[in-house]
Amino acid sequence: MISLAGLNTPQQKAAAHVDGPILVLAGAGSGKTRTVTYRIANLIENHGVKGKEILGVTFTNKAAQEMRERVRTLLSRPKSRGLTLTTFHSLGVRILRKDIEAIGYHKDFSIYDSSDQISIVREALKNFHAEKSFDQKDVLSKIGFLKNHGVSCDEYANSQYFNDDDPYSHATEHVYRYYQDKLKFYNAIDFDDILFLTVKLFKDFPDVAKKYSQQYRYILIDEYQDTNPLQFSLIAGLTSTHQNLCVVGDDDQSIYGFRGADIRNILEFEKHYKNAVVVKLEENYRSSNPILTLANEVIAKNKNRMIKKLWSKSVETELPLLWACGHTEHEAQVICDEINHYQSDGKPLSEVAILYRSNTQASVIESELRLANIPYQMLGGQKLYDKKEIKDLIAYLSVIHNPHDEISLRRILNVPNRGIGNATLDKFLLHAKIQGTTLFEALRAASKTEPSKAELILQFMRLLDELKKIFSTATLPEGVALLLEKTDYYNFLEKMYDNPKQIQRRREDLNRFIEGAKRFQEYHGQYATLENFIERMLLQDNQDDEKGDENDVRRNEVTMMTLHSAKGLEFDVIYLVGVEEETLPHKKTIASGENIEEERRLCYVGITRAREKLVMTYCKQRKLYGKDVVRFRSRFLNDLIEQNLFIEQDRTTFGHLTKDEAKQYQKSFFNNLIDEIED
DNA sequence: GGTTATTATTTTTTT
DNA sequence: AATAATAACC
């Protein structure tokens, strides 16, 4: 038996709930994950539900992993076995790998990331003849928006989103169709398709939806405030045979508007699922009182929200700090100094996190941490697979797995350089078009169509054949190593870059990739297929990575990540950096004049990650596009400056010290200087 | 036809 | 600062 006695009253109500829909409105730090994991344990231990009948869906793999670990501390391993705790996208891929053939795709589809997407859009825009030129990214994000709202390219022209007077609408219409046709021809799908096609599958074949709905009798959706219309439809399909749906969320933490998240999903839950039970968790167990007060006041300025106020029994401690720093390096140095002190007090770095609005802020801090010898881990950011050499490698793997993947094939055709340039490529693209075949097949037929280039091409084709053979017998890491050898990739690196440091860095990246393949192999054994590996890579699912340390202890490292990836996590000490205008709120948001509230929620999310200590920083000067720009404190804090909810210290003038301390500091500084000169 | 140099342009957030 | 588009050069 699992006892729910350790939970507070509303938590107990939520955890004890078994059948029918339930909405849990869980404020930041209100013990959401605890409640949810107890509910899962309760279903299994006390109500005879089997693990495999439970599906828990989260937004990030980090959250899924966290939940998995927490459930494991409550349940014995055999009992928790079979539980499905995963992200929307992983779930979608899993379903599509099984059933996508019903809607006319092959099972071995490739998944395209944003750079693959851009190349198709670029191509589509080239053959869309208009006087005006269109921004690739704008068009691509429009297509993403449409997909996330469930609008197919056929439906677009007649949808509410199409504006006949807007040239962008016409461009988008053309590109959307071209893009979708190409993807299908390449046997590829993009991230949004993962959900879009799953929903299409469910709509066109209700029996398939029924199958999954019956399999997953109890469904849990985390961060429900961030679901978009597509995810809503997906959930509708999964609950087509029952209403055992538990959604958990907090409207104040809705931060995925750019991905089509629709706050109405949570606000109107009771309308969509009749007789839903609603539970509110408002007691905060996480943050010290001053931090919580600041958070409450920051978010109170938003107009669009369900009014609630988090409260806590925790004691008064020191006020949050706001540091005004000189420039970005200074900001990083000051933080590193402080972390060093913290560490020499014998405290664990695993309880320290540095949060920022955008990944571009990370690199300065990262190099400063490295200089200061402070161990750290960075979540998200420039991912390994985003680097050029890794993309090349993955492109090889992808072509080996799915030869129709033209984007990848084109990427590697002349990498390393083998004398097959753009002009040759264009010729073969034309042949392919005339013959109605794929580029791959057109290349195969090179001796008939382009005898002058045939030898080069066929040599390349033989290489691919050989690699395919290798991967069918060798293990994944062996295969990758052989791939690098056979393509002579290391020599290519030497030739490409003259900076030896850069060559070294790229070599290390490749080694890291091989290491990753090894871990993947060890963790998944016979299931460590090429397909699964590439998929994991793209979906950022690193569960095998983290598996390294057997005990549940977090490594003694500072964690760096964006505010978006920090949602759902908590730390003793939080450094929230760049709390300045045009960073938080972001410049783009200010310019658009919309969604400032979402930026404020982001700020709120950041503040509420902290348990004991919160330090916010901003720079008076920041380097942008190589130039120094003057910056100012964020409006989110300006609004509250009179209320004394935090202490501002100017770190450029020793403002964090008292007058006496400052004098002392200056004295010792000069003494040191004199010593140095005398030496 | 293929490779390299120059210049333009850009940086939100995630799967 | 880094990348993509364009121009100039083998």
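The sequence lines fix the lettering, A, B, ..., with proteins before strands; numbering per chain opens at 1.
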Tabulate atom names and distances for all N/O pairs under 3.5 angstrom spanning the protein and nucleotides 2-4 of chain B.
unit_1: B:dG2; atom_1: OP1; unit_2: A:G421; atom_2: N; d: 3.4
unit_1: B:dG2; atom_1: OP1; unit_2: A:T424; atom_2: OG1; d: 2.5
unit_1: B:dG2; atom_1: OP1; unit_2: A:K453; atom_2: NZ; d: 3.4
unit_1: B:dG2; atom_1: OP2; unit_2: A:A423; atom_2: N; d: 3.3
unit_1: B:dT3; atom_1: OP2; unit_2: A:N414; atom_2: ND2; d: 3.0

Between [atom2] of [N] and [atom1] of [X], the distance in whole Å:
X	N	atom1	atom2	result
A:R536	B:dT15	CZ	P	14 Å
A:I95	B:dT15	CD1	C1'	15 Å
A:M537	B:dT15	CE	C1'	15 Å
A:M561	B:dT15	CE	P	12 Å
A:N228	B:dT15	CG	C1'	11 Å
A:E450	B:dG1	CD	C1'	12 Å
A:E223	B:dT15	CD	P	12 Å
A:Q65	B:dT15	CD	P	12 Å

Exercise. What string of B, S and - do you get for nucleotides 5-10 of chain C 5' to 3' if you count protein non-hydrogen atoms under 4.0 Å?
Worked result: S-----

Exercise. Which parts of nucleotides 6-13 of chain B does protein reach within less than 4.0 Å, heavy atoms only, written one letter per nucleotide 5' to 3' as B for base, S for sugar-phosphate only and - for none?
Worked result: ----BBBB

Does one side chain, of [X] or [Y], offer a donor that lies under 3.5 Å from an acceptor on the other?
X	Y	result
A:T84	A:T86	no
A:Y604	A:N302	no
A:Y178	A:E123	yes
A:Y186	A:D116	no

Exercise. Taking the inter-plane angle between the rings of A:F520 and A:H524 on a 0 to 90° scale, is it parallel (under 30°), tilted (30 to 60°) or perpendicular (over 60°)?
Worked result: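 Ring orientation of A:F520 relative to A:H524: tilted.
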
For this session: May I ask you to decide if the ring planes of A:F533 and A:F513 are parallel, tilted or perpendicular, using 30° and 60° as cut-offs?
Result: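 Judged by the thresholds at 30° and 60°, the geometry between A:F533 and A:F513 is perpendicular.
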
Problem set entry | Basic-acidic side-chain contact under 4.0 Å: A:K32, A:D250 |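 The answer is no: the pair does not qualify as a salt bridge.
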
Problem set entry | From A:H564, A:K567, A:Q231, residue fulfilling side chain to side chain contact (heavy atoms under 4.5 Å, CB included) relative to A:F59 |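 The option that passes is A:Q231.
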
Exercise. Is there a donor-acceptor pair under 3.5 Å between the side chain of A:Y618 and the backbone N or O of A:E581?
Worked result: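 Not at all, since once roles are kept as given, no pair shorter than 3.5 Å links the two residues.
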
Exercise. Is there a donor-acceptor pair under 3.5 Å between the side chain of A:H149 and the backbone N or O of A:V151?
Worked result: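 Checked: no pair found.
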
Exercise. How is A:F59 classified with respect to the nucleic acid when contacts are heavy atoms under 4.0 Å: base, sugar-phosphate, or nothing?
Worked result: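 Since only primed, P, OP1 and OP2 atoms lie under 4.0 Å of A:F59, the category is sugar-phosphate.
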
For this session: Remember a base hit wins even if backbone is also touched, and classify A:T60 as base, sugar-phosphate or nothing at under 4.0 Å, heavy atoms.
Result: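 Sugar-phosphate, backbone atoms only, no base.
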
For this session: Run the numbers on A:Y179 and A:Y176 for ring pair (Phe, Tyr, Trp, His ring centres under 6.0 Å), then give the verdict.
Result: CA-CA 5 Å; A:Y179 174 84; A:Y176 193 180; 7.4 Å; no

